[in-house]
Amino acid sequence: MADYRGAIQGLDALIERELGTFNAPGIAVGLTNRAATLHVGVYGLANRDAKIVIVPQTLFQIGSISKAFTSISLLQLHEQGLLDIDEPVTRYLPWFELPSIYSPTTLRHLLSHTAGIITGADDTLSAFSEAWNLRHSAANAPPGEFFHYSNSGYKVLGLVLQTILGAGMPEILRQQILNPLGMDSSEGAITNRVRSRLAVGYEALYDDRPLPHGGPLVPATWFESDTADGAICSTAEDMCHYLRALLTRGQGLLSPASFEQLISPMIATGDDLHGEHYGLGLFREQVDGRLVIGHSGGMVGYTADLLADLDSGLGVVVLTNGPAEPQRISRYALQLLNAAHRGDELPPMPQSDPYFVVDAESYAGRFRCGEKEFDLISGGEHLDLQMESDTVPVESHAPHGFYIPHAAFEMFLLRPEEGGFAHGPDFYIREGVEPSEIQDYPPEWEAYPGHYRSHNPWLNNFRVVLRRGALDLIYPSGEEEPLHHQDGATFRVGPVPRSPERLRFDMLINGKAHQAELSGGAYCRTFTL
């Protein structure tokens, strides 16, 4: 039997090194093989104010890792002949409407995120409301041809389950999966009843700007939820039970044929978030020649990641109570386990310097926007930004840009583009580079830039900027998406022509739009810039 003690020590060392800048007060990690749990590690705090530490019994919200639980439940009913995942959704939900010029949307399309529908407004906690409101959106691609991640789609799938079985999602998950796997500590919904067992979730203190590594956190917005796209609460130990079901190819849950449907590649994802291909609630990819399946999860105040190596029979789950990046830990943990399993030398810890900049020298220079200017000074693998008498270190936020801890820059990431850097509405041109012409734009576009807010706990604000004659949507994380005019005051969000996401402006008063609707979610212009 392999000796995993060195791997566990290596994982402990990584987490202890990074916990201070990890953007989560606490972490729980579960490691398992096909037969038994190898290790459960707990680190940090479940409640910073009360100084309560994480223990093995601490619950975390696992977010979208829950999606495969929904998929497994539907495949179980498919096996029993109670539904057919290749039938249209309307066979099971006759009231469901989705305007589309294409063929009907099936359960399989929703399971694989290939229905071409919006990611989800998340402005309601009701699955019925979100499913009903999809009739006001539109599928923008033929079903089965375009991967576009959709929480709304999985909410609809949960309603199919509840309609057929005549029970709520917590009861369905308990009966279909949690009890059969012995996941006795887990819960199928986020409720006030289990709140005292949950680690307190944390989010950024400043909700309208990028969060630096080790930035200030506050307790996250609390709400209850039972939707099928991500409402399970679990422990690292219980998630190891679930991992073993995956590592044994569905043993105790699904037939071999159904498990193959679960993990078979339905479509290439084309992004860095959901693996190389997506199946039915799980991604799959090749890692060092081995087949790895899994999923990440993000909730308001929690993040998680789960990986199951089907070839080596080893699995990892990482649960956190903050806006952290658990993939950094989960990927390294799986590397450690596989090296120990083979008897190889353990891999070194990954780079942890948040100020490390790849090819830093290429960014050095002077940059100007009107009367404003700054210098980027290279120091080997690092950059400093100098503006007037201030010099501050540049923090890498790959792949979107750089975070600058300076009052003039902290609201947006500094994003490298051809000829200089974009920063919010500004574009800083590199000294010696001829500025490109600003493209013409309709004068009515000047009504749209601004800061928009709502009470949506998932996305409570965003900004729209007019930069170099183009409109861009900027999320608090610093991520940006271009806006492409469709008609009137409606714009497509993002560079992909088949994207269903839309941003529509409304309530034009005194030359300003005071309302905006982002894929069904309502936002209002706020007084802050």
Side-chain angles (χ1 to χ4, degrees), residues 30 32-35 62-80 83-86 106-115 143-150 153-154 157 161 173 176-177 180-181 183 228-230 232 239-297 304-318 327 330-331 334 337-338:
T32 188
N33 59 20
R34 293 190 181 99
I62 69 169
S64 289
I65 295 174
S66 306
K67 285 182 168 63
F69 288 69
T70 298
S71 301
I72 290 168
S73 298
L74 285 162
L75 286 169
Q76 289 171 338
L77 300 193
H78 184 86
E79 286 182 9
Q80 298 164 27
L83 61 74
D84 184 341
I85 65 171
D86 290 307
T106 67
L107 303 185
R108 188 184 294 274
H109 295 142
L110 295 180
L111 285 164
S112 56
H113 300 292
T114 59
E145 295 186 8
F146 173 56
F147 178 84
H148 190 77
Y149 193 85
S150 178
Y154 267 78
L157 292 169
L161 278 170
L173 292 169
Q176 303 288 110
I177 299 176
L181 294 184
M183 297 177 67
D229 58 327
I232 293 175
M239 292 304 294
C240 283
H241 289 244
Y242 171 66
L243 273 167
R244 287 195 288 277
L246 297 180
L247 292 170
T248 56
R249 308 186 78 83
Q251 193 172 100
L253 293 179
L254 293 172
S255 68
S258 291
F259 185 79
E260 284 306 311
Q261 288 210 65
L262 181 72
I263 69 166
S264 291
M266 287 291 299
I267 193 166
T269 64
D271 64 26
D272 297 322
L273 300 174
H274 306 104
E276 295 164 356
H277 292 85
Y278 203 88
L280 304 182
L282 289 166
F283 73 71
R284 58 180 283 154
E285 61 187 15
Q286 293 291 318
V287 179
D288 297 328
R290 301 184 309 277
L291 176 58
V292 174
I293 61 173
H295 214 287
S296 60
D305 198 47
L306 177 138
L307 299 171
D309 187 326
L310 295 188
D311 289 329
S312 67
L314 296 166
V316 176
V317 65
V318 178
Q327 293 85 351
S330 60
R331 298 278 168 170
L334 192 59
L337 286 181
N338 273 301

Taking the side chain as every heavy atom from C-beta outward, state whether L254 and Q76 have any pair of such atoms under 4.5 Å apart. yes

Donor-acceptor pair, side chain of R34 and main chain of L247, under 3.5 angstrom: yes

Check for me whether the distance between the ring centres of H113 and Y154 falls short of 6.0 Å. yes

Within-4.5 Å side-chain heavy-atom neighbours: S71 and L262: yes

Please report the closest heavy-atom contact between L280 and M266, naming both atoms and the distance. CD2-CG, 3.9 Å

Do side-chain atoms of E276 reach the backbone of Q286 as a donor and acceptor pair under 3.5 angstrom? yes

Considering only heavy atoms from C-beta outward, does the side chain of I232 approach that of I65 to under 4.5 Å? no

Using 0.5 Å steps for rounding, measure from the OG1 atom of T70 to the CG atom of L161. 6.5 Å

Separation between SG (C240) and CG (L181), nearest 0.5 Å, reads 12.0 Å

Heavy-atom closest pair (K67 atom, S150 atom, distance to 0.1 Å) is CE-O, 4.4 Å

Of all heavy-atom pairs linking L253 and A245, the shortest is CD1-CB, 3.9 Å

Flag side-chain contact, heavy atom, 4.5 Å: Y149 against T269: no

Parallel, tilted or perpendicular for H274 and Y278, by the 30°/60° rule? perpendicular

Within 6.0 Å of CD in E79, more than 12 heavy atoms from elsewhere: yes

Scanning both residues in full, the closest heavy-atom pair of L110 with A115 reads CD2-CB, 3.7 Å

Which one of T32, D305, L243 satisfies the side chain to side chain contact (heavy atoms under 4.5 Å, CB included) criterion with V317? L243

Measuring only between side-chain heavy atoms, which start at C-beta, is L334 closer than 4.5 Å to V287? no

Tell me, do S258 and H78 make a side-chain contact under 4.5 Å, heavy atoms counted? no

Strictly by modelled atom types, are Q176 and S73 linked by a side-chain donor-acceptor pair under 3.5 Å? no

Gap separating the CZ atom of R244 from the CD atom of Q251, nearest 0.5 angstrom: 11.5 Å

When rounded to the nearest 0.5 Å, the distance separating CD of E285 from CZ of R290 is 11.0 Å

Looking only at heavy atoms, the pair that brings L306 and L246 closest together is CD2-CD1, 4.0 Å

Just verifying a value: how many Å separate H109 NE2 and T114 OG1, rounded to the nearest 0.5 Å? 5.0 Å

Closest non-hydrogen contact found for G281 with A68 is O-CB, 3.4 Å

Would you say that L75 contacts I85 through its side chain, given a criterion of any heavy-atom pair below 4.5 Å between the two side chains? yes

Roughly how far apart are S296 OG and I62 CD1, rounded to 0.5 Å? 11.5 Å

Note, D309 side chain near L337 side chain (heavy atom, < 4.5 Å): no

